[in-house]
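Report on the structure given below.
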Amino acid sequence: MAAVLRGSLCLVGRCRKHVDFACVFTRSMASKTQVGFVGLGNMGNPMAKNLLKHGYPVIATDVFPESCKEVQELGAQIVDNPAEVADKADRIITMLPSSPNVIDVYTGPNGILKKVKKGSLLIDSSTIDPTVSKEMAAAALKLGAVFMDAPVSGGVGAASSGKLTFMVGGVEEEFTAAKELLSCMGANVVYCGQVGTGQAAKICNNMLLAIGMIGTSETMNLGIRLGLDPKLLAKILNMSSGRCWSSDTYNPVPGVMEGVPSGNNYQGGFGTQLMAKDLGLAQNTATNTRTPVPLGSLAHQIYRMMCARGYANKDFSSVFQFLREEEGQ
């Protein structure tokens with residue numbers, strides 16, 4: 001098995017549910033063998049950099065070659081496509097924008113599964129439909145590989161500082177091996193259950209995040225219209241029961257906080273288009289499970305409207321600016 005390459009491994013006689021080989025090899029916790037990384041966008045780039053900082057040789061690729069430049073300068077080996085990554089590494093992390101991207105990267109003509117080694121550990125940190133995660137896991141299993149979903153929370157800032165939260169779904173026996181890598185990029189690595197549960201946790205989190213950001217933006221806008229200084233209002237909110245992440249860490253009003261997208265014309269951060277996509281995933285799963293999510297549905301409508309009105313590439317906190325423009329200011 002390719003897992004043998006990961007370091008001192010011992011054969012154990014445990015049987016894994018739904019796995020077609022009776023015995024598996026445990027992965028060494030100290031192995032600094034090559035790690036593949038596919039997707040070097042706003043999140044993937046700093047995540048790959050943190051792997052390099054922790055001493056892992058990285059083999060990377062991205063559909064946009066210019067995105068590879070920074071990690072290449074730090075020592076990463078750049079290859080042409082995901083299949084080449086799988087040919088050279090048996091631990092691979094993917095960070096991609098959407099479900100179709102994940103399907104293509106794993107199962108496309110130059111996908112990971114074309115060259116994946118038996119025993120490989122595949123960790124997808126994209127935010128996608130949980131059913132797609134399950135499909136990728138099933139496809140990987142047929143080739144003797146293990147797929148885990150591990151979406152993240154924390155944004156670009158946490159990705160850069162190595163303080164992301166990972167929500168992991170997959171075979172529990174493989175969680176320790178996944179955590180070894182994910183801990184290089186995150187402060188919290190939480191096992192959620194079987195494949196797809198990581199995505200479920202992420203979708204729920206982002207629905208709440210969108211609702212909270214809209215509520216914070218409405219509140220700040222109302223306070224400003226009532227004559228309150230925005231910095232003072234934010235200070236009061238953050239010492240009161242209305243306090244939330246969108247008010248105390250990622251305030252949407254320009255000039256209230258430094259180092260956040262609202263202070264940089266809403267550039268960087270987590271794009272409105274991506275938030276609309278995640279809210280769409282939440283709506284789909286809510287429909288499939290017959291779960292009422294009226295505020296989530298309204299949030300989805302608002303972020304879709306923003307995309308249609310030129311906000312798609314701005315940070316999702318630009319909903320404050322959107323509301324201001326809606327009122328004619």
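This one's a predicted model, so the numbers in the text were calculated from it and none came from an experiment.
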Derivation of the side chain to side chain contact (heavy atoms under 4.5 Å, CB included) call for Val168 and Phe175: CA-CA 8 Å; Val168 185; Phe175 176 64; 4.0 Å; yes

Could you walk me through whether Leu209 and Asn206 pass the side chain to side chain contact (heavy atoms under 4.5 Å, CB included) check? CA-CA 5 Å; Leu209 176 61; Asn206 275 22; 4.2 Å; yes

Set out, in order, the CA-CA distance, both residues' side-chain angles and the distance that settles ring-ring contact (aromatic ring centres under 6.0 Å, His included) for Phe316 and Tyr250, then state yes or no. CA-CA 10 Å; Phe316 81 106; Tyr250 212 81; 5.7 Å; yes

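- Between the Gln199 side chain and the Ile128 main chain, a donor and an acceptor come within less than 3.5 Å of each other.
- In this structure, Phe147 has its ring center under 6.0 Å from that of Tyr106.
- Side-chain contact annotation: Thr165 with Asn188, donor-acceptor N/O pair under 3.5 Å present.
- In this model, a donor atom of one side chain and an acceptor atom of the other lie less than 3.5 Å apart for Thr94 and Asp124.
- Looking at Glu325 and Arg309, no side-chain N of the basic residue comes within less than 4.0 Å of a carboxylate O on the acidic one, giving no salt bridge.
- Inter-residue side-chain proximity for Ile112 and Ile92 is flagged as met; some heavy-atom pair is nearer than 4.5 Å.
- Under a 4.0 Å N-O distance rule, the pair Lys114/Glu84 does not qualify as a salt bridge.
- No donor-acceptor contact under 3.5 angstrom links the side chains of Gln194 and Lys134, judged on distance only.
- Closest of all the heavy-atom pairs between Leu40 and Ser67 is O-CB, 3.6 Å.
- With contacts defined as side-chain heavy-atom distances shorter than 4.5 Å, the pair Gln34/Arg91 does not qualify.
- In this model, no donor atom of one side chain and acceptor atom of the other lie less than 3.5 Å apart for Asp129 and Ser99.
- Salt-bridge annotation for Asp248 and Arg243: present, with a side-chain N of the basic residue lying under 4.0 Å from a carboxylate O of the acidic one.
- Without hydrogens or angle criteria, Ser247 side chain to Cys244 main chain gives a donor-acceptor distance under 3.5 Å.
- Between Leu122 and Val146 there is no side-chain heavy-atom pair separated by less than 4.5 Å.
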